[in-house]
Number of protein chains: 2
Amino acid sequence: MTRAPSPPASAQRVTSLDVSREAGVSQSAVSRAFTPGASIRPETRRRVLEAAQRLGYQPNAIARSLVTQRSGIVALIVGELHNPFYPQALSKFAQALEARGKRALLLTHDARRDVQETLDAARSYQIEAAIVFPTRLTATPPTLGHVQGGGVPVLLFNRHLPGHQLLSVACDNHAGGRLAAQVLLDAGARRPAFIGGDPDTSTHQDRLRGFTERLAEAGLRPVAAPSRAFQYDWGVQATLHLDATGTRPDAFFGANDIVAIGVLDALRTLGRRVPEEVSVIGFDNIDESARLAYRLTTIGQPLDAMIEDALRALEDPQPVDGPRLHAPELIWRDTVAGTGP
Amino acid sequence: MTRAPSPPASAQRVTSLDVSREAGVSQSAVSRAFTPGASIRPETRRRVLEAAQRLGYQPNAIARSLVTQRSGIVALIVGELHNPFYPQALSKFAQALEARGKRALLLTHDARRDVQETLDAARSYQIEAAIVFPTRLTATPPTLGHVQGGGVPVLLFNRHLPGHQLLSVACDNHAGGRLAAQVLLDAGARRPAFIGGDPDTSTHQDRLRGFTERLAEAGLRPVAAPSRAFQYDWGVQATLHLDATGTRPDAFFGANDIVAIGVLDALRTLGRRVPEEVSVIGFDNIDESARLAYRLTTIGQPLDAMIEDALRALEDPQPVDGPRLHAPELIWRDTVAGTGP
DNA sequence: CTGAAAGCGCTTACAG
DNA sequence: CTGAAAGCGCTTACAG
């Protein structure tokens, strides 16, 4: 079997043409050798693969994308990653994507620019879908109001936009809010407070609504307390402020774990004992909530299931009818009075 | 000015050819209109841009990459993101990349597979560089031992591999270790312990070496303590174990903040008062270390400078001579006795 | 099963 | 400043 000479060392990239010469086959054959299920004799494939190995050849995914019209790229659009819930989701998404032979293009957005800009930039890479993590987004336009995929499906993770036609996957925050109320009620709370996050987000709103609803069924209503941001500092500040103004809730529901941890730290500063004097519950079940210093009882989100569902939803496009909700789960630890469920 | 008819609605993507027809110019002109600095009459560019706007056209970055041989894509390779130091670095990298007109391709690796595999997968996307975050890597082959960029520069962030020709950017951990010792010495420590992370990493080794060295200058040596992992649980466990075996250090240097926070929580469990009875210092200055419950004194890494330097190093390829080190900075809080520097 | 050829959507000499 | 044409590295009908 005669072989064509190897390509000159000056050649930068080794291409399928180089390999075809090395293997003594056509360039098409090289392509087929790298295409699972392609019609090619096993022996030919073997020869090609060996030649490729010798030359250090690897198919060019960019060129492939151009002709197949499928880039295999999914955009992950994130803002700040201060809430540890998101990095965790992010790396799990990247892994799940890889397991499906896809790649994650990581893009950032900030509060000042419209997400649309970021999305457009992503679209030039022929992304097959975009997942946006609304770490800094509010529901009000222009930030997220009119996002247009322009042909590519866009999914909002952990948030939904009432009245908009965006795919979205989230935890059933309304049910989670109810669950939090239930847990606090069972612990004997009579004056529970909700320390909210960004009041303009569905996560905040749904959790509050569920919480309030369940409390009402027990003839109670949450202690009046302000909302502001899903941040540690805010949890601390809100709790201190409440105390300073003479409001002493006997239980706290933090809009997420970061806020609840702030509440816990503020309570410690105030010398109030948890859970003996006051119960605290959070939302998300981030790593930090399991620390010995906190042992925060919280409502966990079924992250893996949510991610699988998100990817599935993106794969077969069907009309959006409301957010895809996942049941939350109580994570019992040490910050709520009683012995648990 | 006569116009060619608009492309049929059936056409999936709108291409530069569609725009050229809409604008009544050549396809080359469309390309030039989107190329900053290209030789094109302002009026022509305006016409093209308007036509593009009408048609919703956006240049195809994939096609562009193919011809320019520059993808504009940089791979970010991460493992687990349990240490919050990494997500923070990750999002800052993504932002810094975008500021330079580049994109971040996010890839994951796990401890079982060789990073080489992940890198090869990334290479098929014609990445211009790869940055690996060694969140799960040890220095021993095969995991990281023989990584070959195969033409693309590879940079290790926050770690270096002695004797290997990989670019790397890190904090000067040796100096940081010395600094930690200095701080503890100033606080009057006589029996300081180092609670190590993964002993097989340069971060661990360099910090320990600096720490030991400075201690030796003061005629001291660290209390014998085991090392294992850069994890919260390990910090807790190691501290508890030390205490159970009758070893009572008067100061702790946690190999990173996560470990130091574990130490702090364990100390609290043991009823030992910080910093009155025992001082604790960490490394990294992650968000969590500033929580009221911890107020951890720590050695901060100059993250922004490190990221800029990493990107710069990747841009102009020059022979590697050792890791590029950045000076650490003492973050004084409440876990070390005394009034600070 | 195999190869020659067209074409994916751009950029970039080249000639005008 | 502009257009026609070649070509980036692949995949995929098409014909054998």
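Labels below follow one simple rule: chain letters A, B, ... track the order of the sequence lines, proteins then strands, and each chain is numbered from 1. As a basis for the values below, the full set of heavy atoms in this structure was taken, side chains included, without hydrogen atoms, waters or symmetry mates.
Counting any heavy atom pair closer than 4.0 Å across all strands shown, A:Q69 reaches sugar-phosphate atoms only and no base atom. The residue A:S28 sits close to a base: some heavy atom pair falls under 4.0 Å.
A 4.5 Å side-chain heavy-atom check between B:H326 and B:Q301 finds every atom pair outside the cut-off.
Comparing C:dG9, D:dG9, D:dC10 against the side chain of A:Y57 picks out D:dC10 as the nearest. The A:S16 side chain lies nearest to D:dC10 when the options are C:dG3, C:dG9, D:dC10. Closest to the side chain of B:Q27, from the set C:dT11, D:dG9, D:dA4, is C:dT11. Of the candidates D:dT12, D:dG3, C:dG9, the closest approach to any side-chain atom of A:S31 belongs to D:dT12.
In this structure, A:Y57 has its ring center under 6.0 Å from that of A:F34.
Evaluated for a salt bridge (Lys or Arg N to Asp or Glu O under 4.0 Å) with B:E43, the options B:R45, B:R41, B:R46 yield exactly one hit, B:R46. The only member of B:L314, B:I127, B:V74 that meets side-chain contact (heavy atoms from CB on, under 4.5 Å) when paired with B:K102 is B:V74.
Along DNA chain D, the nucleotide nearest to B:T68 and the one nearest to B:V25 differ in position, and the one closer to the 5' end is contacted by B:V25.
In this entry the distance linking CG of A:N60 with C1' of D:dG9 reads 6 Å, nearest Å. When the P atom of D:dC10 is taken as reference, atom CZ of A:R13 falls 9 Å away, rounded to whole Å. The nearest whole Å value for the distance from the CZ atom in A:R123 to the P atom in C:dG9 is 15 Å. The distance from atom CD1 of B:I62 to atom P of D:dC8 is 18 Å, rounded to the nearest whole Å. Straight-line distance from the CZ atom of A:R21 to the C1' atom of C:dG3: 15 Å, rounded to whole Å. The distance between atom CG of A:L66 and atom P of C:dT11, rounded to the nearest whole Å, is 12 Å. Protein atom CG of B:L17 is 12 Å distant from nucleotide atom C1' of C:dC8, rounded to whole Å. Taking atom OH on B:Y125 and atom P on D:dC10, their separation rounds to 13 Å, with Å as the unit.
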Handout entry: Derivation and outcome, side chain to side chain donor-acceptor pair (under 3.5 Å), residues B:R159 and B:T203
Key = CA-CA 6 Å; B:R159 185 99 32 113; B:T203 20; 3.3 Å; yes
Practice task
Mind running side-chain contact (heavy atoms from CB on, under 4.5 Å) on B:I131 and B:L311 for me, showing each step along the way?
Solution key: CA-CA 9 Å; B:I131 298 167; B:L311 262 22; 4.1 Å; yes
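Using a cutoff of 4.0 Å between basic side-chain nitrogens and carboxylate oxygens, A:E308 and A:R100 are scored as salt-bridged.
Remark: B:T15 is not in phosphate contact with C:dG9, judged by side-chain N or O atoms under 4.0 Å from OP1 or OP2.
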Exercise for the section: Would you sketch DNA chain D in dot-bracket for me? Only Watson-Crick or G-U wobble pairs with both distances under 3.5 Å count, crossing pairs as [ ], other-strand pairs as |, the rest as dots. Expected result: |||.||||||||.|||
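Shown for residues 32-45 of chain A: residues whose heavy atoms fall under 4.0 angstrom of DNA chain C, namely A:R32, A:S39, A:I40, A:R41, A:T44.
Classification of the A:F133-A:Y86 ring pair by plane angle, with boundaries at 30° and 60°, yields perpendicular.
Using a distance-only test at 3.5 Å, with no hydrogens or angles considered, no donor-acceptor pair links the side chain of A:S16 to the main chain of A:V30.
Side-chain contact annotation: B:T108 with A:E98, donor-acceptor N/O pair under 3.5 Å present.
The C1' atoms of C:dT12 and C:dG16 are separated by 16 Å, rounded to the nearest whole Å.
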